[in-house]
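These figures come from a predicted structure and were not determined experimentally. Computation of the quantities below employed the complete heavy-atom set of this structure, encompassing side-chain atoms and omitting hydrogens, waters and symmetry-equivalent molecules.
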Amino acid sequence: MSSSASSTGSPGQHKYKETMHSAACDASQVALRFDLAGFFAKTAAAAGEELHVLGYIVGPDRAAGLSPFGNGSDETIAVSILLQVAAQLVSASSDLFHDGRLYAAAALLRQLVEVEYLAWAFETKNGEAERWLRSDRQERESFFTPAKLRKAAAGKFRTKDYGYHCELGGHPVPGSMLLLRRSPETSQLLLSDLLGHAGRIWEHFVGWARDKPNGTPILNRTAQLRERFCAWKVGDRLVDLPPPP
């Protein structure tokens, strides 16, 4: 490649950058992203709090002597905790993106990716939620690390994607300079990515809730949340932006 081509880039690269800049800086799209982040955080927190009450009262674990904590359903309590964690991560990361503290926001986004792994495990692997709640550190390192969960998911989650989040915001590495520049394009791309992970986390919990007697706090909020996510996907041009050419 000539130095001229290298410096100016291909027409496809220019088109990609123009589209990304336009979508990242469009005030209505920016507002749409931040509004959805706030709505998700409030919805997930409320569902999690309600589930926590149900999990303490309703379920067979206390009577059967299975819960070390005296809960009616350790499984429900585990889901309630994870939902509230997701709510705080989305809320705080969104606030940090808004304030221009991109590195800190990206570090929380990496944590949200790990929540997504656990949400998948809670939905698809029977008994995994209560197992997680009752685990000690050694058991979590044996069964619930991101690498172990990715392996158990058999290709659903790509190691490359997790590594990207670790490099960009999870660890202090030289590439962190990209985040310290406070680029609006980078900020909005990561915020859009945050929303994608949040939506998938909720859908994993919907899958969990469908056949659970304590699943009502999630199912009752799903229609409205899905409506908001659908509107975001239609209105946010970053959602369908392909990888750079």
Side-chain angles (χ1 to χ4, degrees), residues 13 15-45 82-83 85-120 146 150 156-204 225 228-245:
Q13 288 173 325
K15 181 64 174 177
Y16 179 89
K17 290 178 180 179
E18 289 172 3
T19 302
M20 181 176 68
H21 177 78
S22 174
C25 298
D26 181 276
S28 63
Q29 293 181 57
V30 171
L32 183 65
R33 296 177 197 115
F34 282 118
D35 287 347
L36 179 57
F39 184 78
F40 172 87
K42 290 179 181 178
T43 302
L82 208 56
L83 266 175
V85 167
Q88 290 203 15
L89 288 172
V90 169
S91 176
S93 186
S94 174
D95 288 346
L96 289 167
F97 280 128
H98 188 271
D99 293 345
R101 290 176 285 175
L102 274 60
Y103 180 84
L108 296 183
L109 172 53
R110 198 279 301 266
Q111 294 297 102
L112 192 70
V113 173
E114 296 186 13
V115 171
E116 184 179 349
Y117 293 173
L118 283 168
W120 165 82
R150 284 196 304 274
K156 179 176 178 61
F157 305 112
R158 297 196 308 168
T159 301
K160 180 179 180 180
D161 293 336
Y162 183 74
Y164 169 79
H165 284 291
C166 289
E167 281 289 299
L168 195 59
H171 302 298
V173 297
S176 303
M177 177 59 69
L178 175 66
L179 300 172
L180 301 179
R181 292 171 181 161
R182 302 176 65 176
S183 158
E185 290 90 349
T186 301
S187 176
Q188 291 300 305
L189 277 169
L190 289 175
L191 177 58
S192 189
D193 186 45
L194 176 89
L195 294 172
H197 287 291
R200 290 190 291 275
I201 286 168
W202 185 268
E203 290 303 323
H204 283 309
L225 194 59
R228 295 289 290 263
F229 268 96
C230 285
W232 162 64
K233 289 177 181 178
V234 170
D236 185 358
R237 294 173 63 201
L238 293 178
V239 171
D240 296 320
L241 197 66

*Asks:* For a quick check under 3.5 Å, do R237 and S22 share a side-chain donor-acceptor pair by atom type?
*Replies:*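 Yes, because at least one side-chain N or O of R237 sits under 3.5 Å from a partner of the opposite role on S22.
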*Asks:* Would you mind reporting whether S183 and L178 have side-chain heavy atoms less than 4.5 Å apart?
*Replies:* no
*Asks:* Any idea which heavy atoms bring I201 and A86 closest together, and the distance?
*Replies:*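 Answer, listing the atom of I201 first, then A86: CG2-CB, 4.4 Å.
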*Asks:* Donor-acceptor pair, distance only, cut-off 3.5 Å: does the side chain of D236 make one with the backbone of L238?
*Replies:*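 The answer is yes, because a donor-acceptor pair under 3.5 Å joins these two groups.
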*Asks:* Measure the spacing between CD of Q88 and CG of L83 and express it to the nearest 0.5 Å.
*Replies:* 12.0 Å
*Asks:* For Q188 and F34, what are the C-alpha separation, side-chain angles and deciding distance, and is it a side-chain contact (heavy atoms from CB on, under 4.5 Å)?
*Replies:* CA-CA 10 Å; Q188 291 300 305; F34 282 118; 3.7 Å; yes
*Asks:* Taking the side chain as every heavy atom from C-beta outward, state whether R200 and E203 have any pair of such atoms under 4.5 Å apart.
*Replies:* no
*Asks:* Taking all non-hydrogen atoms of both residues into account, name the closest pair between A87 and A41 and its distance.
*Replies:* CB-O, 3.3 Å
*Asks:* Indicate the atoms forming the closest heavy-atom contact of L32 with A231, along with that distance.
*Replies:* CD2-O, 4.0 Å
*Asks:* Among L180, L96, L179, find the one that has a side-chain contact (heavy atoms from CB on, under 4.5 Å) with R101.
*Replies:*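 The side-chain contact (heavy atoms from CB on, under 4.5 Å) with R101 is passed solely by L96 among L180, L96, L179.
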*Asks:* Just verifying a value: how many Å separate R181 CZ and L102 CG, rounded to the nearest 0.5 Å?
*Replies:*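 That separation rounds to 12.0 Å.
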*Asks:* Pairs in or reaching into residues 34-45: which pass side-chain hydrogen bond (donor to acceptor under 3.5 Å, both in side chains), with residues at least two apart or in two chains?
*Replies:* none
*Asks:* How close do L189 and M20 get, heavy atom to heavy atom, and via which atoms?
*Replies:* CD1-SD, 3.1 Å
*Asks:* Look up atom CG in L191 and atom CD in Q29, then write down how far apart they are to the nearest 0.5 Å.
*Replies:*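 The CD atom of Q29 is 11.5 Å from CG of L191, to the nearest 0.5 Å.
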*Asks:* Below 4.5 Å, heavy atoms only, C-beta onward: do R33 and V30 meet side chain to side chain?
*Replies:* yes
*Asks:* Answer whether the closest heavy-atom distance between the side chains of D193 and H197 falls below 4.5 Å.
*Replies:*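 The answer is yes; the side chains approach within 4.5 Å.
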*Asks:* Kindly determine whether D95 and H98 satisfy side-chain contact (heavy atoms from CB on, under 4.5 Å), including the steps that lead there.
*Replies:* CA-CA 5 Å; D95 288 346; H98 188 271; 5.6 Å; no
*Asks:* Indicate the atoms forming the closest heavy-atom contact of A198 with L112, along with that distance.
*Replies:*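 That would be N-CD2, 4.1 Å.
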*Asks:* What I'd like to find out is whether the side chain of L190 reaches to under 4.5 Å of the side chain of T186, using heavy atoms alone.
*Replies:*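 SC-SC contact between L190 and T186 confirmed.
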*Asks:* So which heavy atom on L194 is nearest to which on S94, and how close?
*Replies:* CD2-N, 4.4 Å
*Asks:* Please tell me if the side chains of L195 and F40 come closer than 4.5 Å, counting only heavy atoms from C-beta onward.
*Replies:*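 A side-chain contact under 4.5 Å is absent here.
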